[in-house]
Q: 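After the structure tokens below, expect a handful of questions from me.
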Amino acid sequence: MSSLVIFGLLIALMLTGMPISIALGLTVLSFLFFMTSVPIESVALKLFTGIEKFEIMAIPFFILAGNFLTHGGVARRMIEFARTMIGHWAGGLGIAGTMAAALFSAVSGSSPATVVAIGSIMLPAMLAIGYPKRFGAGIIVTGGALGNLIPPSIIMVIYAVSTSGATYFGPNGERVASASVGQLFMAGMVPGLILAVMLSATTWYRAWKNNYPRIPKATWGERWRAFVDSSWGIFLIVVVLGGIYLGWFTPTEAAAMSAVYAFLIEMFIYKDLNWKAVPKVLLASANMSAMILYIVTNAVLFSFLMTSEQIPQTMAAWITGSGINWITFLLLVNLLLLLAGNVMEPSSIVLIMAPILFPIAVKLGIDPVHFGIIIVVNMEIGMCHPPVGLNLYVASGIAKMGITELSIAVLPWLITLLIFLVMITYIPEISLWLPRTLGMLR
Amino acid sequence: MKLFLRILDRFEEILIATLIAAATIVIFLAVVHRYGTGISFLYPYLIQIHFSWAQELCIYMFVWMAKFGAAYGVRTGIHVGVDVLVLMLKPAYKKATILFGLMGGAFFTFVVGTMGLKFVLGLAQTDQTSPDLEIPSWIVYLCVPLGSYLMCFRFLQVAYSFWHTGELPHHNESEVEGLEALEVRATGGGELGVRQ
């Protein structure tokens, strides 16, 4: 009963178009005020302690690093590297775009930032050699989607944070630890590479079938120069992932290190950033981070309310009692998340849904890390389709195309993404193999 | 009044930009310090400096940044909601609904600010301090009432200008992410060495 009231109120408030964070907060307030005896003062404390965790602080650091890199020339150098390697294939410039997006997202951690950085350089180049606009735009939108999956990823940090802190029980009543940021990062590697290959294959097939123009093959000398030139940026991937894996830094420290590193290479090595732009980058990053942290604060309040009303536990008991197995459950989860992806942006979805779905998933014996990767892939797809796909909006600004036309343009790659989602959902080994091999996971 | 508002705007911007920069530097230095003490000739100098407070300071700086940044975000229109339904409404209903949303925001932040104020006033009676930095807790928590009241003010400000002009601040993702910095270089494929 109370769960109906809570969700009804939340959905009603959200439909008025008010910020999601405010809708969450008002739901909690009115519920506490009218329907329970939980002392309202405990809320004020939660509003502070909600984000008082060091893990969450990785989010602003990664956003800052991403913004520094977007402002500079790392993206251009990565594109040049990818172009010299595979540019001469059918659709080569497009595949180079996807590969450059994969590389860039591995340093920036953000999907829209990748679309901007790669798209605004790559799209004019693709049009210049005679690719149709729709073809180029489709590559850019979906290439950016790799940003969430290839570590470091802000969505993974949010997932780890929103599911940690409570005790969860597996199918046989044993305690299950929630996924750590480091485990999720490692788990995202293999799926990210597979997705990059699948998207490239789609690009290649369409370019080959329609016989789009090709560009001449680069020499090994050009390839080497392009590699050396982009190696400062590529080294950042090694620092972040290697540093976390070898235990040099915690994920948050790695994020701070990559922000400083990004600043240093853009400022002193590539010299693409000037001092005048620094305050602007800082302010834009602070703005974005504060928005996400504000949703986190209110989502913590919301999940506090749900836990005190026993909603996730009741739902978990109901689902396990109704005989739904993990296969059906994951199908439902995917549908629910894709549906939510139609109207909300990823961090809010994860913050609201993950605390509810996670206990059920664990109860059904689904690995926390695998479940996290499924959620991340769903969020990527949500960013690429209307009405609120953020990548679409960003790309429509770059390509000067309407959302409707762009939505048709991304279809071939969107279908590839959906096939990939099915693979990720039902073959846990894709996500779990690498962290297990590295001994980060049982 | 205009001058006061401009000072407030600048203060808000400088505060959050400084906090994110400072937090990054603090964590960077703490990590460098940790590995620096491993180098033998630096050890005698570095061991005297303590960085155990770095994490706590970083958290507090980010919490302050989050509270004031959220207020700044209302001004820049970065707090997005679900607007599919609202966009389909008739203009008169649409305006009323958007105003309702803004007032909801003002109401929520006002309530939170007031609860936070009561909480801080209560804390100020005690001599509770933070674990590592040992600053009085009430100063740390002061960001809740200050940030929330500022955010409430920003909601009212946006609602006021929306009432009069019908315009909302709009956050453009591709603009802040630095598109203008890249557009110059993106003129055609020539630079990429693309030959036809």
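So you know, we letter chains A, B, ... as the sequences are listed, proteins then strands, and number each from 1.
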Q: Quick one: what part of A:L283 sits under 4.5 Å from any heavy atom of chain B, side chain, backbone, both or neither?
A: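 When you check distances to chain B, atoms from both the backbone and side chain of A:L283 fall under 4.5 Å.
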Q: Where does B:T109 contact chain A at under 4.5 Å (heavy atoms): side chain, backbone, both or neither?
A: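 The side chain, not the backbone.
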Q: Given the options A:A255, A:A286, A:A395, A:S348, which has more heavy-atom pairs under 4.5 Å with chain B than any of the others?
A: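 The candidate making the most pairs under 4.5 Å is A:A286.
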Q: Ignoring hydrogens, what is the shortest heavy-atom contact between A:A256 and B:T24? Give both atom names and the distance.
A: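 Residues A:A256 and B:T24, closest heavy atoms: O-CG2, 3.9 Å.
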Q: For the residue pair B:F100 and A:M18, what are the closest heavy atoms and their distance?
A: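 Closest heavy-atom pair between B:F100 and A:M18: CE2-CE, 4.0 Å.
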Q: Using non-hydrogen atoms only, which part of B:V111 is less than 4.5 Å away from chain A: side chain, backbone, both, or neither?
A: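 Interface part for B:V111: side chain.
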Q: Do A:F249 and B:I27 make a side-chain contact, defined as non-hydrogen atoms from C-beta onward lying under 4.5 Å apart?
A: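 A:F249 does not reach B:I27 side chain to side chain.
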Q: Run the ring-centre check on B:F28 versus A:F61 and record whether the distance is less than 6.0 Å.
A: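 No, the ring centres sit 6.0 Å or more apart.
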Q: Tell me whether B:W53 at atom CH2 has more than 12 heavy atoms from other residues, nucleotides or ligands lying less than 6.0 Å away.
A: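 Check passes, neighbour count above 12.
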Q: In terms of heavy-atom pairs under 4.5 Å, which option from B:F107, B:F155, B:F68 contacts chain A the most?
A: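 Heavy-atom pairs under 4.5 Å are most numerous for B:F155.
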Q: Between atom OG1 of A:T16 and atom CG of B:L102, what is the distance when rounded to the nearest 0.5 Å?
A: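 So the gap between those two atoms works out to 9.5 Å.
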Q: Would you mind reporting whether A:M291 and B:T76 have side-chain heavy atoms less than 4.5 Å apart?
A: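 Answer no - side chains too far apart.
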Q: Mark yes when over 12 heavy atoms from residues, nucleotides or ligands other than A:Y270 sit less than 6.0 Å from its OH; otherwise mark no.
A: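 Enclosed.
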Q: What are the two closest non-hydrogen atoms of A:A290 and B:A70, and how far apart are they?
A: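 Distance-wise, the nearest heavy atoms are CB-N, 3.6 Å.
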Q: Can you name the one residue among A:V28, A:L26, A:L24 that meets side chain to side chain contact (heavy atoms under 4.5 Å, CB included) with B:F108?
A: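 That would be A:L26.
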Q: What option among B:A30, B:G104, B:A71 has the most heavy-atom pairs under 4.5 Å with chain A?
A: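 Answer, by heavy-atom pair count under 4.5 Å with chain A: B:G104.
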Q: Got a second to check how far B:F62's CZ is from A:I59's CD1, nearest 0.5 Å?
A: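 One gets 10.0 Å once the value is rounded to the nearest 0.5 Å.
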Q: Could you tell me which portion of B:Y35 (side chain, backbone, both or neither) has an atom closer than 4.5 angstrom to a non-hydrogen atom of chain A?
A: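 Answer is side chain: those atoms of B:Y35 sit under 4.5 Å from chain A.
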Q: Side chain from CB out, backbone as N, CA, C, O: work out which of these in B:L85 comes under 4.5 Å of a heavy atom of chain A, or both, or neither.
A: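 Only the side chain of B:L85 comes within 4.5 Å of chain A.
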Q: Quick one: closest heavy-atom pair of A:K53 and B:I59, and the distance?
A: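 A:K53 and B:I59 have their closest heavy atoms at C-CD1, 4.2 Å.
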Q: Which value, rounded to the nearest 0.5 Å, describes the distance between A:N287 atom CG and B:M65 atom CE?
A: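 Going from the CG atom of A:N287 to the CE atom of B:M65 covers 9.5 Å.
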Q: Do other residues, nucleotides or ligands put more than 12 heavy atoms under 6.0 Å from B:Y149 OH?
A: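 Enclosed.
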Q: Taking atom CD of A:E253 and atom CD of B:Q55, what is their separation to the nearest 0.5 Å?
A: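 Nearest 0.5 Å value for the CD-CD distance: 6.5 Å.
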Q: Say you draw a straight line from OH of A:Y294 to CD1 of B:I78; how long is it, rounded to the nearest 0.5 Å?
A: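 Here the interatomic distance stands at 14.5 Å.
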Q: Pick from A:P60, A:A259, A:A218, A:S21: which one has the most heavy-atom pairs with chain B under 4.5 Å?
A: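 Most pairs with chain B among the choices: A:P60.
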Q: Using 0.5 Å steps for rounding, measure from the NE2 atom of B:H79 to the CD1 atom of A:I20.
A: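 Here the interatomic distance stands at 12.0 Å.
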